[in-house]
**Q** 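What follows is a single structure, and I will ask about it in a moment.
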Amino acid sequence: VGEIRIVHYLNQFFSGVGGEEKADMPPASQNRPLGPGIALQESVKGKGKVVGTVSCGDNYFNHNVEKAREEVFGLISSFDPEIVIAGPAFDSGRYGLACAHVCLTVNERLNIPVVSGMHPDNPGVELCRSKTYVAVTKASVAGMREAISTMATLALRLAKGIEIGSPEEEGYIARGIYRNVIVDKCGGERAVEMLLKKIRGEPFTTELRMPVLEQVTPPPPIKDMRNVMVALVTEGGIVPKGNPDRLEWGHSTKWLKYNIAATDRFTEGDFIVVEGSSKNQFTDADPNRTLPLDTVRELERAGRFKKLSDHYYVTVGNVTAVENCRRYGSEIAEELLTLGVQAVILTAT
Amino acid sequence: MAKEFEKAGLPTVIVTALAPLAKRTGANRIVAGVAMSYPCGDPFLPSSEEGELRRRIVETAFEALQTPVEGPTIFTPNFKWSGVLPPSHPSQGGPGGATESRNA
C-alpha cells in the first residue's frame, strides 16, 4: 500500500516468449514483472510495484502501428498505472520505435510519467524524446543494470513531482528544452573562457549544442540518364496564378502538385511565387529562375533523359518545421516511386 | 526533403545558393546555385547569358546525379554571373560571396 503502480512494456524477446520467430506476437499482458522487470522491481523496492507487464512482438507493432498502439494502450491502462516504463530497447530499432509509440500514447492520454531507455542512435529516440524522457543506455543488453537504474530513478522522481536536473546529471537524452538558470558570469565572459579553453586544447562544455542531424546513405548514382524519369520538386513556392490551393508564404503545412505535362516553361503571369522570405519580383518575372523547367524540357527534348514527370511538386520551406519537411519528403517520395520516377531535382530558396 | 527522397532510394540533387547549409543538414548531392531567391537564374544578365547560366546549373545537376558520392558533396557549376546582388539581400549573392566567375 502506498507503492506506486508501475506497468512495464517489453517486446517478445525480453518478455521471454521468443526471438525473431515470435516477433509477430500480438499484445499480451501478465500481472507480474518479467525479464528486465524483475531488476526493475528490485530497483524500486519499497517505493513502487510492477503491477503488470505488457508485451508485444516488434514486427506486429511496427507493421500495425495504429492498431498495436490501441491494443497495447488498452492492456496498459487496464492495470491503472501511475508510471509506465518501456524497454530499455538499447539500439534495437523496431523495439525502440515500439517503446516510443507506447510512451507517446500513454503520455497523450493518461498524463502520468513515462520513461523509456535507448541508445542515442535508436530511431525511436527522435520520435519521442521531445515529449517523454528517454534514459541513455548502452547499445547492447550488457548495459541493462545501469539502464534499469536510470529509468527507475527518473520515473520515481517524476511521479513524486521532484524536479528533474539536466540531461547530463540525470542520464537522459536532451529533450531540446531550454531553461533559464542564474549564473555568476555574463554570456560574453563565459564565451571568452570557452574560446580560450578551446585554443589551449582544454576540455570545455558548450552551452548551445548544435543539432546532430541524421545522415542518409546516398543512393548510388544514375548509370544512364537516358532511361530515367525525372521529377522536379521545389520548396520555393511556385504556384499557378492566384494560388488556388492557398499555399502558405511560410510555416507551410502542405505540399502540392501541379500538372505541367503540356507546359514548356513557367511563364510570367501564369505562375507566381508565394515564398515569403524575400521579394519575389525576379522570380515572378521568370519562375524558371527558381525551378528550371525551361532548361529541363530542352534536355528532355534532346533525349538526355527519358521523361519529365507529369507534375511538379511544391511547398514552401521558409520557416517551416523540419518535421513537416520530413513528412512532405516521405509523402512525395512515395508518390514518385509509384509513378516510376528514378531521380529528383529539388530546388531550395 | 532531399534526405527523405534519398531514404526512399531516389538519387536526388538539391540546387540552392545555401550550399554549405545544405551540406551541414546532410543532403548528399548539392549544386551551388546563384542567389538565395533565384538559385537557377540571374536577372541582371542578358537573357541569352542567363539561359547559358541555367543550362550549366542543370548540366551540373545531371552530373551530380550520375556521380558516386560518399556523403554530402557540393558540385559547383562553372558559370559566370552578373555579380549584382538583389537589393533586398545584400549578403546573399552566391555561395562564399564570390563575385567573379567560379570554376568547378
Side-chain angles (χ1 to χ4, degrees), chain A residues 210-211 213-225 228 230-231 233-236 255 273 275 277-283 285-286 288-292 294-296 298-299 304-305 315 317 322 325-334 336-337 341-349, chain B residues 1-19 21-22 24-31 33-44 47 50-59 61-73 86-89 92:
Chain A
M210 300 313 283
L213 295 156
E214 173 198 29
Q215 290 296 325
V216 177
T217 310
I222 304 281
K223 287 220 177 71
D224 188 350
M225 289 296 287
V228 162
V230 175
V233 183
T234 185
E235 52 95 304
W255 58 271
V273 177
E275 204 267 355
S277 69
S278 51
K279 288 185 184 161
N280 296 324
Q281 52 181 328
F282 301 117
T283 42
D286 182 0
N288 302 282
R289 287 173 176 149
T290 289
L291 192 60
D294 55 355
T295 311
V296 170
E298 279 172 25
L299 294 182
R304 291 283 304 283
F305 66 100
T315 184
V322 173
C325 295
R326 257 190 217 133
R327 175 169 64 80
Y328 306 157
S330 72
E331 289 171 357
I332 296 171
E334 204 181 316
L336 296 181
L337 288 174
V341 168
Q342 295 136 291
V344 178
I345 297 177
L346 167 67
T347 67
T349 55
Chain B
M1 294 215 302
K3 284 159 71 180
E4 292 299 321
F5 294 152
E6 291 186 323
K7 264 196 231 169
L10 286 164
T12 300
V13 57
I14 178 166
V15 185
T16 175
L18 301 176
L21 182 67
R24 207 174 68 73
T25 57
N28 284 308
R29 292 182 170 93
I30 306 157
V31 169
V34 180
M36 187 164 132
S37 51
Y38 41 83
C40 304
D42 185 341
F44 301 99
S47 75
E50 186 182 14
E52 177 58 22
L53 168 143
R54 181 137 68 240
R55 259 187 297 281
R56 290 192 177 203
I57 292 170
V58 173
E59 290 287 357
F62 271 51
E63 181 196 319
L65 288 170
Q66 297 174 86
T67 306
V69 296
E70 299 281 308
T73 307
S88 55
H89 283 278
Q92 282 155 349

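Convention: sequence-line order gives letters A, B, ...; per-chain numbering from 1.
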**Q** Just verifying a value: how many Å separate B/Phe62 CZ and A/Arg304 CZ, rounded to the nearest 0.5 Å?
**A** 6.0 Å
**Q** Of all of B/Pro43, B/Ala2, B/Gly71, B/Pro68, which one pairs up most often with chain A through heavy atoms under 4.5 Å apart?
**A** B/Pro43
**Q** Judged by atom type as modelled, is there a donor-acceptor pair below 3.5 Å linking the side chain of B/Glu6 to the main-chain atoms of A/Pro219?
**A** no
**Q** Check whether A/Val228 gets within reach of chain B through its side chain, its backbone, both or neither, counting any heavy atom under 4.5 Å.
**A** neither
**Q** Give, as side chain, backbone, both or neither, the part of A/Pro220 having an atom under 4.5 angstrom from any heavy atom of chain B.
**A** backbone
**Q** Heavy-atom pairs under 4.5 Å with chain B: which of A/Cys325, A/Ala348, A/Ala343 has the most?
**A** A/Ala348
**Q** Heavy-atom pairs under 4.5 Å with chain A are the metric here; pick the option from B/Gly9, B/Gly26, B/Pro39, B/Ala8 that has the most.
**A** B/Pro39
**Q** Got a salt bridge between B/Glu4 and B/Lys7, using NZ or NE/NH1/NH2 to carboxylate O under 4.0 Å?
**A** yes
**Q** With respect to chain B, which residue among A/Glu334, A/Glu275, A/Arg289 yields the maximal number of heavy-atom pairs within a distance under 4.5 Å?
**A** A/Arg289
**Q** Return the CG to CD distance between A/Leu336 and A/Glu331, rounded to the nearest 0.5 Å.
**A** 12.0 Å
**Q** With rounding to the nearest 0.5 Å, note down the distance linking CE in B/Met36 to CG in B/Leu21.
**A** 10.0 Å
**Q** Flag the one option from A/Thr217, A/Val216, A/Thr290, A/Leu299 with the top tally of heavy-atom pairs under 4.5 Å to chain B.
**A** A/Val216
**Q** Can any side-chain N or O of A/Thr234 pair as donor or acceptor with the backbone N or O of A/Thr347 at less than 3.5 Å?
**A** yes
**Q** Among A/Asp224, A/Asp294, A/Val230, A/Val296, single out the residue with the greatest number of heavy-atom pairs under 4.5 Å to chain B.
**A** A/Asp294
**Q** In terms of heavy-atom proximity below 4.5 Å to chain A, should B/Thr25 be classed as side chain, backbone, both, or neither?
**A** both
**Q** Measuring from atom CG of B/Asn28 to atom CZ of B/Phe5, what distance do you get when rounded to the nearest 0.5 angstrom?
**A** 14.0 Å
**Q** What part of B/Glu70 is in contact with chain A, defined as an atom under 4.5 angstrom from a non-hydrogen atom: side chain, backbone, both or neither?
**A** backbone
**Q** Quick one: which of A/Asn288, A/Val273, A/Asp286, A/Thr283 has the most heavy-atom pairs under 4.5 Å with chain B, could you say?
**A** A/Asn288
**Q** What distance separates B/Arg55 CZ from B/Cys40 SG, expressed to the nearest 0.5 Å?
**A** 13.5 Å
